[in-house]
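One structure below.
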Amino acid sequence: PHTDASAGSQLAQKNVIIQFVESGESSIIEDEGGNYGLEYILIGTGKVLIFRDGQVIEGTWTRPDRNQVTQYVDASGKAIPLNRGQTFVQVVPLGFQPSWS
């Protein structure tokens with residue numbers, strides 16, 4: 001379990017989102033400070049897994065441009081409601097194979 005470093009309590013988000021995205025042309029990039037990071041494309045659409053209330057919901061994420069909020073919809077195109085409270089979003093590259101129990 002992941003724990004809060006200062007409080008020592010186990011982290012417990014109400015929603016966990018795994019968002020599958022493409023990586024950029026040069027996946028590893030360097031910023032002006034000499035720090036390296038991964039470049040992911042967060043504009044467009046792709047697969048999403050949403051964990052809430054002990055269930056996994058498969059759907060699609062969509063973000064038309066950088067000024068829009070990412071939308072999450074199920075297979076029928078309806079918005080996937082999230083529980084009130086903390087939400088953790090993990091962006092992963094296409095092809096990543098998550099496991100859960």
Side-chain angles (χ1 to χ4, degrees):
H2 288 75
T3 56
D4 181 298
S6 60
S9 58
Q10 184 174 344
L11 299 179
Q13 280 68 34
K14 295 290 185 176
N15 311 284
V16 174
I17 299 172
I18 299 179
Q19 185 172 328
F20 297 83
V21 300
E22 290 185 52
S23 56
E25 288 181 28
S26 174
S27 189
I28 299 176
I29 57 173
E30 181 181 3
D31 68 11
E32 56 276 352
N35 300 304
Y36 290 90
L38 297 174
E39 178 182 31
Y40 290 115
I41 299 170
L42 303 175
I43 305 300
T45 188
K47 177 181 172 181
V48 70
L49 297 174
I50 297 180
F51 298 80
R52 64 151 221 255
D53 300 326
Q55 296 183 330
V56 180
I57 303 166
E58 292 189 46
T60 302
W61 67 269
T62 303
R63 185 175 182 207
D65 63 61
R66 66 182 302 160
N67 297 316
Q68 301 286 323
V69 175
T70 303
Q71 302 292 316
Y72 302 105
V73 298
D74 62 20
S76 66
K78 289 186 175 186
I80 299 171
L82 301 175
N83 288 328
R84 291 183 70 147
Q86 292 183 336
T87 297
F88 178 81
V89 179
Q90 180 67 54
V91 175
V92 299
L94 297 176
F96 179 79
Q97 297 293 321
S99 62
W100 61 91
S101 57

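In this text the structure is predicted, and so the values were computed from the model without any measurement.
- The backbone N or O of Ile57 lies less than 3.5 Å from no partner atom in the side chain of Arg52, so there is not a single donor-acceptor pair.
- Under the side-chain hydrogen bond (donor to acceptor under 3.5 Å, both in side chains) criterion, Thr87 pairs with Asn15, not counting sequence neighbours.
- Here Leu49 sits in one hydrophobic cluster together with Val16, Ile18, Phe20, Phe51, Val56, Phe88, Val92, Leu94, Phe96, Trp100; the rule is ILVMFWY side chains under 4.5 Å apart, joined directly or through other members.
- Legend: residues meeting side-chain hydrogen bond (donor to acceptor under 3.5 Å, both in side chains) with Asn67, ordered by chain and number and at least two apart, are absent.
- The side chain to side chain contact (heavy atoms under 4.5 Å, CB included) check on Arg66 picks up Ile43, Arg63, with sequence neighbours excluded.
- Under the 4.5 Å side-chain criterion, counting only non-hydrogen atoms from C-beta, Ile50 is in contact with Ile17.
- Within the model, atoms NZ of Lys47 and CD of Glu58 stand 5.5 Å from one another, a figure rounded to the nearest 0.5 Å.
- When the side chain to side chain contact (heavy atoms under 4.5 Å, CB included) test is applied to Thr62, the partners found at least two apart in sequence or on another chain are Thr45, Thr60, Pro64.
- Of all heavy-atom pairs spanning Tyr72 and Val89, the tightest one is OH-CG1, 4.2 Å.
- Residue Gln68 qualifies as enclosed at atom CD: its count of foreign heavy atoms under 6.0 Å is above 12.
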Would you tabulate the side-chain donor-acceptor contacts of residues 4-11 under 3.5 Å, counting partners in other chains and residues two or more places apart, or write 'none'?
residue : atom : partner : partner atom : Å
Asp4    : OD1  : Ser6    : N            : 2.8
Asp4    : OD1  : Ser6    : OG           : 2.8
Asp4    : OD1  : Ala7    : N            : 2.8

